[in-house]
Student: 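Encoded as C-alpha cells, here's the structure I'll be asking about.
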Amino acid sequence: EVGDPPASAATIAVARSHSPPPARPLRWSGGCVVRGWPVGAGPAAGEVAGAWGRWRRLDRGGHADVRSRVNRADEQGRLWTYLPYGPFDNLTSYRVWLEGVAGREDPMFFAIIDGKGRAVGVASFLRIDPLAGSIEVGHLAFSPAAQTTTVATEAMSLMMRTVFGELGYRRYEWKCDALNAASRRAAQRFGFVYEGTFRQAKVVKGRNRDTAWFSITDADWPRLAAAYDRWLAPDNFDAERRQLLALSKLTLPDAPSTP
C-alpha cells in the first residue's frame, strides 16, 4: 500500500501558526478538545536498537540478503500472497524492488536485524499524517523462522514506542486482507483493536481485497507499554530463550474480537 504524501514542513508551520480559538460549548455532541496540537513531526530515518535486535532504514545496497532469508524457507511463496508485490524469483528482481522503495519517505521501509546482525525481515511506516497524529505499520515480511520470534515481537514494540513515546502520535494503524487470518491474529496479539472491515476496498494481484482495520491509540499505549516490558523481561524466558508467559495474555484488550 502506498501512503499519502507526508505533510511538508511549511504545512506544519502554517498549522502551528494558526492556533485554533478556544473551544466553545456546543449545543450538540462534539469530540473532546485536543490540546497542544499538532505535534508536527514525522519518523526519523535512524536506527533503533533493543535487547534482541534492531531496526534501521532499508538500504539499497546492504539489505539484499533479506530476500534470500525470506524466500529460502518459503518455497511456495505463501508469504507474498497478500502483499501487492512478490514473490521474487531471483536476487535481481528483488534488487529492482529494493531500489524502488529504499529511501522513500512514505512508505518508509526498515530492515529488521537480529542479534547476529542478519536482516530477517522488512517493515514500514506508511500513511504518515503528522497533522492528525496517525501512522500505519505495514509491508511486513519476515522470514518464516523469524515470524514468531522475540526479535520480530521486539521490533514491533520498538516501532510502537517510536510512534507514541518519541513522536507523540495519537493513532497507530494495522490493516490487512480480511482473509489473512495469520495477520489478523498477529494484530490482536500485538494489542491492536479490531475496528471493522472495508468491503471491496482494493484489487490486489487481480483478486478482490476486503480490508480489516485495527488500531492502537495513545490511550491504549500505557497499558501495552507495560505489557511489552513485562513480556520482554529476562525472567519471562527460560534457559533456551522460550517464553514463559504468552504476549497475548498481556495485550488482549477488552474489545470485540474479529468475526
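No hydrogens, no waters, no symmetry mates; every other heavy atom, side chains included, goes into these values.
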Student: Do Val193 and Phe214 make a side-chain contact, defined as non-hydrogen atoms from C-beta onward lying under 4.5 Å apart?
Tutor: no

Student: Would you say the side chain of Lys249 lies within less than 4.5 Å of the side chain of Arg230, judging by non-hydrogen atoms?
Tutor: no

Student: Tell me whether the count of non-hydrogen atoms from other residues, nucleotides or ligands lying under 6.0 Å of NZ in Lys205 goes above 12.
Tutor: yes

Student: Report the distance from atom CG of Asn236 to atom CG of Asp229, rounding to the nearest 0.5 Å.
Tutor: 12.0 Å

Student: Which distance, rounded to the nearest 0.5 Å, do you find between the CZ of Arg241 and the OG1 of Thr149?
Tutor: 10.0 Å

Student: Should Trp97 and Tyr94 be marked as a ring-ring contact (aromatic ring centres under 6.0 Å, His included) after you check the CA-CA gap, both sets of side-chain angles, and the distance that decides it?
Tutor: CA-CA 5 Å; Trp97 175 83; Tyr94 181 78; 5.5 Å; yes

Student: Please walk me through it: do Phe190 and Thr251 pass side-chain contact (heavy atoms from CB on, under 4.5 Å)?
Tutor: CA-CA 6 Å; Phe190 290 139; Thr251 57; over 6 Å; no

Student: Closest approach of Thr211 and Ala201, non-hydrogen atoms and distance?
Tutor: OG1-CB, 3.5 Å

Student: Could you go step by step and tell me if Met160 and Ile216 meet the side-chain contact (heavy atoms from CB on, under 4.5 Å) rule?
Tutor: CA-CA 9 Å; Met160 289 184 201; Ile216 295 171; 3.8 Å; yes

Student: List the steps and the verdict of side-chain contact (heavy atoms from CB on, under 4.5 Å) for Arg127 and Ser134.
Tutor: CA-CA 8 Å; Arg127 293 173 57 87; Ser134 177; over 6 Å; no

Student: Rounded to the nearest 0.5 Å, what's the gap from OG on Ser183 to CZ on Arg189? Could you check?
Tutor: 12.5 Å

Student: Which atom pair, heavy atoms only, marks the closest approach of Tyr169 to Ala41?
Tutor: OH-O, 2.5 Å

Student: Using 30° and 60° as the class limits, which term best fits the ring planes of Trp213 and Phe198: parallel, tilted or perpendicular?
Tutor: parallel

Student: Mind checking whether Val137 and Phe192 have side chains closer than 4.5 Å, heavy atoms only?
Tutor: yes

Student: Test side-chain contact (heavy atoms from CB on, under 4.5 Å) on Arg170 and Val34; report intermediate values, then the result.
Tutor: CA-CA 10 Å; Arg170 306 174 63 233; Val34 181; 3.8 Å; yes

Student: Do Val204 and Tyr82 belong to the same hydrophobic cluster, where Ile, Leu, Val, Met, Phe, Trp and Tyr are linked whenever their side-chain heavy atoms lie under 4.5 Å apart, directly or via other members?
Tutor: no

Student: Do Glu154 and Tyr228 touch side chain to side chain, with heavy atoms closer than 4.5 Å?
Tutor: no

Student: Could you tell me which non-hydrogen atom of Trp80 sits nearest to which non-hydrogen atom of Gly86, and how far apart they are?
Tutor: CB-C, 3.8 Å

Student: Just list the side-chain donor-acceptor pairs under 3.5 Å for residues 48-55, sequence neighbours left out, or say none.
Tutor:
residue: Arg54; atom: NE; partner: Glu47; partner atom: OE2; Å: 3.2

Student: Where the side chain of Asp106 meets the backbone of Ile128, is there a donor-acceptor pair that is under 3.5 Å apart?
Tutor: yes

Student: When you measure from the side chain of Arg184 to the backbone of Ala178, do you find a donor-acceptor pair of N or O atoms at a distance under 3.5 Å?
Tutor: yes

Student: Once rounded to the nearest 0.5 Å, what's the spacing between atom CZ of Arg171 and atom CG of Asp220?
Tutor: 10.5 Å

Student: Donor-acceptor pair, Thr153 side chain versus Thr150 backbone, under 3.5 Å?
Tutor: no

Student: Trp174 vs Tyr194, test: ring-ring contact (aromatic ring centres under 6.0 Å, His included). Steps then yes/no.
Tutor: CA-CA 9 Å; Trp174 175 298; Tyr194 173 66; over 10 Å; no

Student: Does the side chain of Pro87 come within less than 4.5 Å of Leu79's, by heavy atoms?
Tutor: no

Student: Once you measure the plane-to-plane angle for Phe237 and Trp231, does it fall in the parallel (<30°), tilted (30-60°) or perpendicular (>60°) bin?
Tutor: perpendicular

Student: Considering non-hydrogen atoms only, spot the tightest contact between Ala123 and Met156 and give its length.
Tutor: CB-CE, 4.2 Å

Student: Is any side-chain heavy atom of Asp210 less than 4.5 Å from a side-chain heavy atom of Gln200?
Tutor: yes

Student: Rounded to the nearest 0.5 Å, what's the gap from OG1 on Thr162 to CZ on Phe110? Could you check?
Tutor: 7.5 Å

Student: Supply the atom-to-atom distance Glu195 CD to Lys175 NZ, rounded to the nearest 0.5 angstrom.
Tutor: 9.0 Å

Student: If you take all heavy atoms of Phe164 and Asp218, which pair is closest and at what distance?
Tutor: CE2-N, 3.4 Å

Student: Would you say that Phe125 contacts Val163 through its side chain, given a criterion of any heavy-atom pair below 4.5 Å between the two side chains?
Tutor: yes

Student: Compare every heavy atom of Asn208 with every heavy atom of Asp177, then report the nearest pair and how far apart it is.
Tutor: OD2-O, 4.4 Å

Student: Classify the side-chain pair Arg185/Ser248 by whether it contains a donor and acceptor separated by less than 3.5 Å.
Tutor: no

